[in-house]
Amino acid sequence: HRETIAIEKTTTQTHNTYMAAKKIEDNLLSAMIFRKDSSKTLVAFTTSDLSMFGFMARGTIAQYLTFASREIMTRTAAGQRQCIEYSPEDLDFEVRCHASVTSNGIGCAVITGGRYNQRVAFTLVHKILEIAEKEAGDRIRSISKDESMSIPSITAEFNKYKKPEEADQLLKLTKDIEATKEIMVQNIDKILERGQKIEDLLDKTQDLSDNSKMFYKNSKKLNKCCWFF
């Protein structure tokens, strides 16, 4: 009887983890605005939706998204757009970072699940950059350390794009037909310097607390359910 209960519990956890991972792949996770120049990449604004993760994991996930966004933004040149994918080891989902930097030093990184429509993600990046320049451009360019600016119109835009079919009228019409040519998706390993590993960058970053680094490492050793419950 106990064995049956244990099997049923494991089956339920596996199913819930699968459903959570599936939801992540379809979802919009975070959007960040940066001030970027040749010497530093500073956070100016952040918004996110981490409701599909377990409560205890959300703080670590938020820090990890900041780390990933900053690393990719640092490796994105002015005038460039790129889409970088990363599949966390031992977890059944893929995330993508859609990054763009304007010629005047303001960048945006939007992180989504791997199945979120790429064209819609870059439409959101473009809209966020437009709003940022119009409403807070000078403030963003003047920051000298990480900030948590309040820009309600960007938060509202982010919330609209949680359901891309509703936010993007063209997508409603085209469904699965891509309206524009997609940017080639690169694995994160492609933008790291030769010999660098993401784990080494994680150890060095100040975006994750020591507790978050420990949680990340332990959850990989234990099981992927740690992220969702």
Side-chain angles (χ1 to χ4, degrees), residues 28-50 57-84 86 95-112 121-161 183 186 188 190-193 195-216:
L28 181 59
L29 300 179
S30 68
M32 303 186 72
I33 296 172
F34 294 87
R35 177 206 164 192
K36 184 177 186 302
D37 59 31
S38 58
S39 62
K40 61 185 71 174
T41 303
L42 299 174
V43 178
F45 168 90
T46 304
T47 187
S48 63
D49 177 11
L50 306 180
R58 290 176 193 170
T60 295
I61 296 293
Q63 292 179 13
Y64 181 81
L65 294 178
T66 299
F67 158 75
S69 297
R70 194 194 305 267
E71 290 295 332
I72 291 169
M73 184 59 53
T74 299
R75 293 163 175 78
T76 304
Q80 182 184 13
R81 293 195 311 166
Q82 57 178 348
C83 181
I84 307 299
Y86 176 55
V95 294
R96 290 182 176 179
C97 181
H98 308 78
S100 181
V101 180
T102 66
S103 58
N104 57 13
I106 297 178
C108 176
V110 166
I111 293 186
T112 70
F122 273 113
T123 300
L124 175 58
V125 169
H126 178 70
K127 286 181 176 290
I128 287 175
L129 286 172
E130 278 191 334
I131 296 170
E133 180 60 50
K134 181 179 179 180
E135 297 188 12
D138 290 339
R139 278 197 295 151
I140 293 170
R141 280 185 288 272
S142 68
I143 65 174
S144 57
K145 60 183 179 62
D146 287 349
E147 300 283 357
S148 299
M149 290 184 178
S150 174
I151 312 178
S153 52
I154 293 180
T155 302
E157 199 70 30
F158 177 87
N159 289 334
K160 271 200 305 185
Y161 275 73
I183 294 173
Q186 298 185 79
I188 195 166
K190 298 292 185 183
I191 65 168
L192 299 179
E193 294 177 12
Q196 274 189 327
K197 293 183 179 179
I198 195 73
E199 288 77 11
D200 295 334
L201 295 175
L202 276 167
D203 285 336
K204 295 175 183 177
T205 183
Q206 296 182 357
D207 286 328
L208 274 80
S209 67
D210 290 340
N211 286 340
S212 290
K213 291 175 184 177
M214 188 65 67
F215 179 92
Y216 177 82

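Everything numeric here is computed off the predicted structure, so don't read it as measured data.
Side-chain contact between Leu29 and Ile61 is absent, with no heavy atoms from C-beta onward closer than 4.5 Å. Within the 4.5 Å cutoff, side-chain heavy atoms of Leu65 are placed close to those of Leu50. The side-chain heavy atoms of Ile106 and Phe34, taken from C-beta on, include no pair separated by under 4.5 Å.
Of all non-hydrogen atoms in Arg75 and Glu71, the two that sit nearest each other are NH1-OE1, 2.6 Å. For the residue pair Ala77 and Val101, the shortest heavy atom distance occurs at O-CB, 3.7 Å. The heavy-atom pair separating Gly107 from Leu129 by the smallest distance is C-CD2, 3.8 Å. The two atoms that bring Arg96 and Cys83 nearest to each other are CD-SG, 3.9 Å, heavy atoms only. Closest approach of Val43 to Ile143, counting heavy atoms only: O-CD1, 3.7 Å.
Atoms OG and CD1, on Ser48 and Ile111 in that order, are 10.0 Å from each other to the nearest 0.5 Å. In this structure, Met73 CE and Gln82 CD are separated by 8.5 Å, a value rounded to the nearest 0.5 Å. Here the CD1-CE distance, from Ile128 to Met32, works out to 11.5 Å after rounding to the nearest 0.5 Å. The OG1 atom of Thr47 sits 5.0 Å away from the CZ atom of Phe158 when rounded to the nearest 0.5 Å. Taking CD1 of Ile151 as the reference point, atom CD1 of Ile33 lies at 4.5 Å (rounded to 0.5 Å). Separating the OG atom in Ser153 from the NZ atom in Lys134 is a distance of 9.0 Å, to the nearest 0.5 Å.
A donor-acceptor pair under 3.5 Å links the side-chain atoms of His98 to the main chain of Val110, judged by distance alone. With hydrogens and angles disregarded, a donor-acceptor distance shorter than 3.5 Å links the side chain of Arg70 to the backbone of Thr41. Not a single donor-acceptor pair under 3.5 Å links the side chain of Ser69 to the backbone N or O of Thr66.
Residue pairs that meet the salt bridge (charged side-chain N to carboxylate O under 4.0 Å, His left out) test with at least one member in residues 147-156, sequence neighbours left out, are Lys145-Glu147. For the salt bridge (charged side-chain N to carboxylate O under 4.0 Å, His left out) condition, the pairs that include at least one residue of residues 28-38, sequence neighbours left out, are Arg35-Asp37.
Checked for salt-bridge contact, Lys127 and Glu130 miss the test: no charged N lies under 4.0 Å from a carboxylate O.
Between the side chains of Thr102 and Glu133, no donor-acceptor pair of N or O atoms lies under 3.5 Å.
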Might you work through the side chain to side chain contact (heavy atoms under 4.5 Å, CB included) test for Leu124 and Leu28, ending with a clear yes or no?
CA-CA 10 Å; Leu124 175 58; Leu28 181 59; 3.9 Å; yes
